[in-house]
Amino acid sequence: MGISSALNNAITGLTANARIAEVTSSNLANALTDGYARRSVELSSIQVGNVGGGVRVDSITRFSDAGLLADRRLTDAALAGQERSTDMLTRLEQSVGNPEDLAGIGARIAAFEGALISASSDPASEMRLATVVSRLGDVTQTLQNNTRTVQGLRQEADAAIARDIETLNSALRQVEEMNADIVRIAGGGNDPSALVDARQNVVDQIAGIVPVREVPRDNGAIGLMTTSGTMLLESQAVQFGFTPTPTITADMTLASGALSGVTIEGVPLDAATGIGRLDGGSLGAAFALRDQTLVEVQASLDGIAVDLVARFQDPANDPTLAPGDVGLLTDQGGVLNLTDTVGLAGRIAINASVDPAAGGTTSLLRDGLNAAGPGPAGNSAQLNNWIAALDVARADLPGAPMQTAAGRAAAFTAQVGATRLASEEQLSFTSARWDTLREAELANGVDTDLELQMLLRVEQAYAANAKVIQTVDFMMQSLMEI
């Protein structure tokens, strides 16, 4: 080997070692950085005739398990959706209470019945009659508060949809821009790994909103589509739209046109569901809460209200009432209309005739709502009728199960708790699966021990190449002195 060949080998070796040291240092510095994938330097020998002419850096390889990454992203979507559902259902249960909660609707109805029993034992007591009205007011107030809670959560879900759509559009534009940058950098012979890491983090953000699959394209670019086939990004990002609704009431639904669904390039994605094939992540969970889960909870609340109003509007439970007369409980002062029960729990009110705060008199609880005049102060017959009205099993609507007033309220709170518990159990399973996939993904990441060993080898190789250059310099100096 000639002096020039030896010198060239050493110089190219130093260059390669410098690049390896740079990549290894980057691996060590980013060992705990989310989205960072380990890199390695690919080398090849330079041949000059039949003689080796040194070494060159061919490329930087970025290591990533595409299958594991895809599975983890699908779990990201499920986890984000279940976290959102569990959070809202937990807050719902805290608001409506459990069967043992003294502020829950079941306890309020039980307290009202207890007040009736107390008043029936002393019908002449105005204080006990006033307590009956107060406890009945607690029942109506609880139903109204629960309705406000449910509709408030629907508004939160609607606002969450708007935020998800905004984030989705922004992230898709970022991926589109990074695709172009990666293609340009790779085409210039440079390493785009840092941009690929950044793009992976953005795609991970998208994966929490909708279940997404990454499709490789030429020159390092990618396409994105949902697992059900909706294209999110090809050469350009798709533009999604959504119009939030600041105030939502019980009667407002997607089907009625009062609530918005997602649009794609200005066209409704799915008129029936509002979300179409974007379901599966936090976006789908928000739609399910707004249009299904919380609507069903409101329907159960309205069922309790319908049942209570009907019980105390029935002439069989108050002989002074005629068919069509308002009873002890009303729909904002009016009679029960079975064709307009949506949101009744938020409108239910005490008959003003027995409410002292509205100018009424509590003695009508004892005498009958439409009594022509005061009855015997010691007559407890009507109060016993009210008690019996609560205890009889009846259906709130045609086809509904036969239940007492307390039984219907208990079934409601139990169902809310069961729904929350089921959501928590599913969340626990998905969290465990996500942790497993994440650990497997990290296991394929940077091994700091191996990277430190690589730095030691680089140091040795650097010293060897430097020694060659030093030796060549010495030989050249010796030749010059001859």
Side-chain angles (χ1 to χ4, degrees), residues 73-89 91 150-179 198-215 222-249 252-295 423 430:
R73 281 176 175 164
L74 292 181
T75 310
D76 281 346
L79 184 63
Q82 287 159 15
E83 285 177 338
R84 175 168 285 171
S85 296
T86 301
D87 173 66
M88 282 202 177
L89 289 172
R91 288 191 286 137
V150 171
Q151 300 313 313
L153 290 174
R154 290 183 74 202
Q155 288 171 206
E156 283 189 38
D158 190 81
I161 294 171
R163 290 194 302 272
D164 279 351
I165 292 297
E166 182 180 357
T167 301
L168 180 61
N169 284 329
S170 175
L172 288 173
R173 287 193 297 270
Q174 291 178 40
V175 174
E176 179 186 338
E177 292 169 1
M178 284 188 279
N179 269 347
R199 184 179 65 187
Q200 177 174 313
N201 284 333
V202 176
V203 176
D204 286 349
Q205 187 179 20
I206 294 171
I209 299 172
V210 294
V212 66
R213 289 285 191 188
E214 184 177 302
V215 184
I222 60 169
L224 295 175
M225 65 187 301
T226 66
T227 53
S228 56
T230 299
M231 185 58 66
L232 305 178
L233 170 70
E234 188 53 66
S235 58
Q236 291 184 327
V238 170
Q239 180 71 24
F240 293 99
F242 178 79
T243 303
T245 305
T247 302
I248 295 179
T249 56
M252 296 174 68
T253 63
L254 178 69
S256 69
L259 300 179
S260 174
V262 177
T263 62
I264 180 169
E265 303 296 348
V267 178
L269 192 61
D270 188 318
T273 66
I275 189 173
R277 293 184 291 179
L278 297 182
D279 195 11
S282 62
L283 183 64
F287 266 98
L289 286 163
R290 188 195 71 173
D291 297 333
Q292 298 174 28
T293 306
L294 294 174
V295 170
S423 181
T430 304

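Counting from 1, the numbers follow the sequence of the chain as shown. Excluded from the calculations below are hydrogen atoms, water molecules and symmetry mates; all remaining heavy atoms, backbone and side chain alike, are included.
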Do any N or O atoms from the side chain of E234 and from the backbone of G223 form a donor-acceptor pair under 3.5 angstrom?
-> no
Do the non-hydrogen side-chain atoms of R73 and D204 ever get within less than 4.5 Å of each other?
-> yes
Determine the minimum heavy-atom distance between S85 and A285, stating which atoms define it.
-> OG-CB, 3.7 Å
Nearest heavy-atom pair of T245 and A258: which atoms, and what distance?
-> OG1-O, 3.7 Å
Please report the closest heavy-atom contact between Q239 and N169, naming both atoms and the distance.
-> NE2-ND2, 3.3 Å
pair N179-I222: side-chain heavy atoms closer than 4.5 Å | yes
Closest non-hydrogen atoms of M88 and L289, given as atom of the first, atom of the second and distance, are SD-CD1, 3.5 Å
E214 and V203 have their tightest heavy-atom pair at OE1-CG1, 4.3 Å
Rounded to the nearest 0.5 Å, how far apart are OG1 of T247 and CG of D158?
-> 10.0 Å
I206 and side chain to side chain contact (heavy atoms under 4.5 Å, CB included): which partner among L172, L233, T226?
-> L172
Supply the atom-to-atom distance E83 CD to S423 OG, rounded to the nearest 0.5 angstrom.
-> 10.0 Å
Criterion side chain to side chain contact (heavy atoms under 4.5 Å, CB included) against F242, the qualifying member of T263, I165, D164, L168 | I165
Given the options D270, L269, L278, L232, I264 meets side chain to side chain contact (heavy atoms under 4.5 Å, CB included) only with L269
Set of side-chain hydrogen bond (donor to acceptor under 3.5 Å, both in side chains) partners for S170, sequence neighbours left out | Q174
Measure from the side-chain N and O atoms of R277 to the backbone N and O of S228, and report whether any donor-acceptor pair falls under 3.5 Å.
-> yes
Residues at least two apart in sequence or cross-chain that pass side-chain hydrogen bond (donor to acceptor under 3.5 Å, both in side chains) with E156, listed by chain then number, are R91
Donor-acceptor pair, S256 side chain versus M252 backbone, under 3.5 Å?
-> no
Under 4.5 Å between any side-chain heavy atoms of P244 and I161, yes or no?
-> no
CZ of F287 to OG1 of T273, rounded to nearest 0.5 Å, is 7.5 Å
For the side chain of T430 and the backbone of L79, is there at least one donor-acceptor N/O pair under 3.5 Å apart?
-> no
Is the side chain of R290 donor-acceptor paired with the backbone N or O of A157 at a distance under 3.5 Å, no angle test?
-> no
Please check if the side chain of E176 supplies one atom and the backbone of Q236 the other of a donor-acceptor pair under 3.5 Å.
-> no
Student check: side-chain heavy atoms of L259 and R154 closer than 4.5 Å = yes
Mind checking what makes side-chain contact (heavy atoms from CB on, under 4.5 Å) contact with R213, not counting sequence neighbours?
-> A70, L74, M225, T227
